[in-house]
Protein chains: 2
Amino acid sequence: MNKYIPDIYNLIQELSWRFGSRGLDGECCGDLSLVEYMALKIAWESEELSIQEIGSALNFTKSGASRIIDRLENKGYAVRKRSPVDGRVCCVVLTAKGTETVTKIMKRNTAYVEEMLKDLKPEVVKNVKSALEILVNSVRRQGFI
Amino acid sequence: MNKYIPDIYNLIQELSWRFGSRGLDGECCGDLSLVEYMALKIAWESEELSIQEIGSALNFTKSGASRIIDRLENKGYAVRKRSPVDGRVCCVVLTAKGTETVTKIMKRNTAYVEEMLKDLKPEVVKNVKSALEILVNSVRRQGFI
DNA sequence: ATAATATAGTTGATGTCGTCAACTAAGTTT
DNA sequence: AAACTTAGTTGACGACATCAACTATATTAT
């Protein structure tokens, strides 16, 4: 095993904690939990996602996903729309408030990252980005577990 | 703003999700949640941590921290020991089962990372490690929020 | 065509979890 | 030694995700 792997694991775990539900977004913007924000974010990124697609993207059961969309709907961030193609499917669509909020949170978090990295030279920042791309691509390939 | 910052934020957020409570460790090794594992891990790393220290390291209230230690104790992974120096303080100490389990989970997760990165050249792996160090140091400096 | 089956989503019951506020117990200060 | 501070615990509560059973729509087989 490459000698850096254990360090890499520990670093990822700590970073993840800081950006996880106990970190940045535990109760971030008003009334959105991290889970709700993530659901909103992926629905925003790829419009017309079904409830189950959101569930499997975030690793929730379809029942859990349905509850998440309930909350987003009750709080006015998204609405369910029946698919015209398949009447069983619900498409999750962001409201204006939803779009506004998701972009606001992303801006806030991006600003946090900017502040984090403000003293680094541009080429270092670029290296950080490349490293993260490598990690995210690898982890996507490998999937959950 | 450096043009890579928004990408970096998105990449961190995705990586964090994958290693967060809905990813790797949601219900990982038997009966430990990610929160419990993290508490066990930091108690193991710096032996003789008080309940509140664990709470503030993980961003829980002292009450929440106390419940986490309750669960670890009930499941046999740790015990409370009164501090000999200050009778109010409880030191969290791992049992043999606790130490065994935390190292087992770390090994498992390290193996996962190894598998993730198995096709990369050693110098790339080193770069990934450096990038993560930069990120973790920055985020430590900045603290929660 | 129609009956059987499969799939998407919802919902009541349930258990887990973290917080708040009030509390106990142990130190510290005056 | 009285007043205050600090560490930790606990009952009540609300938020949340899951399971299993359910409805409704779509697909397949006969």
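A, B, ... follow the sequence lines: proteins, then strands. Residue 1 opens every chain. This one's a predicted model, so the numbers in the text were calculated from it and none came from an experiment.
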Quiz prompt | Residues A:Tyr77 and A:Asp31: side-chain donor-acceptor under 3.5 angstrom | solution = yes
Quiz item: So does A:Lys118 pair up with A:Glu114, basic N to acidic O under 4.0 Å?
Solution: no
Self-check item: Rounded distance (Å) that lies between atom C1' of D:dC16 and atom CG of A:Asn59
Solution: 16 Å
Quiz item: Hey, does B:Ser50 reach any base, or is it just sugar-phosphate, or nothing, if we go heavy atoms under 4.0 Å?
Solution: sugar-phosphate
Quiz prompt | Close approaches to DNA chain C from residues 60-73 of chain A, in residue order (heavy atom, under 4.0 Å) | solution = A:Lys62, A:Ser63, A:Ser66, A:Arg67
Self-check item: Nucleotide range of DNA chain C lying under 4.0 Å from chain B heavy atoms
Solution: C:dC17 to C:dG27
Taking distance alone, no hydrogens or angles, what donor-acceptor pairs closer than 3.5 Å link side-chain atoms of residues 128-136 of chain B to residues at least two apart or in another chain?
from     : atom 1 : to       : atom 2 : distance (Å)
B:Lys129 : NZ     : B:Glu133 : OE2    : 3.3
B:Ser130 : OG     : B:Lys126 : O      : 3.0

Quiz item: Using a side-chain heavy atom cutoff under 4.5 Å and only I, L, V, M, F, W and Y, what cluster partners does B:Val79 have?
Solution: B:Val93
Quiz item: Over how many whole Å does the gap from A:Arg88 atom CZ to D:dT25 atom P extend?
Solution: 11 Å
Self-check item: For B:Asn10, all residues meeting side chain to side chain donor-acceptor pair (under 3.5 Å), sequence neighbours excluded
Solution: A:Lys41
Exercise. Tell me which of A:Val85 and B:Val89 sits closer to the 5' end of DNA chain D, going by the nucleotide each one is nearest to.
Key: B:Val89
Quiz prompt | Distance, nearest 0.5 Å, that separates SG of B:Cys90 from CD of B:Glu48 | solution = 11.5 Å
Quiz prompt | Pairs meeting criterion side-chain hydrogen bond (donor to acceptor under 3.5 Å, both in side chains) with involvement of residues 87-106 of chain A, two or more places apart | solution = A:Asp86-A:Arg88
Exercise. Indicate, with a heavy-atom threshold strictly under 4.0 Å, whether B:Glu36 touches base, sugar-phosphate, or nothing.
Key: sugar-phosphate
Practice problem: Working to the nearest 0.5 Å, report the span between OG of A:Ser50 and NZ of A:Lys81. | Solution: 15.5 Å
Quiz prompt | Between C1' of D:dA24 and CZ of A:Arg82, the distance in whole Å | solution = 8 Å
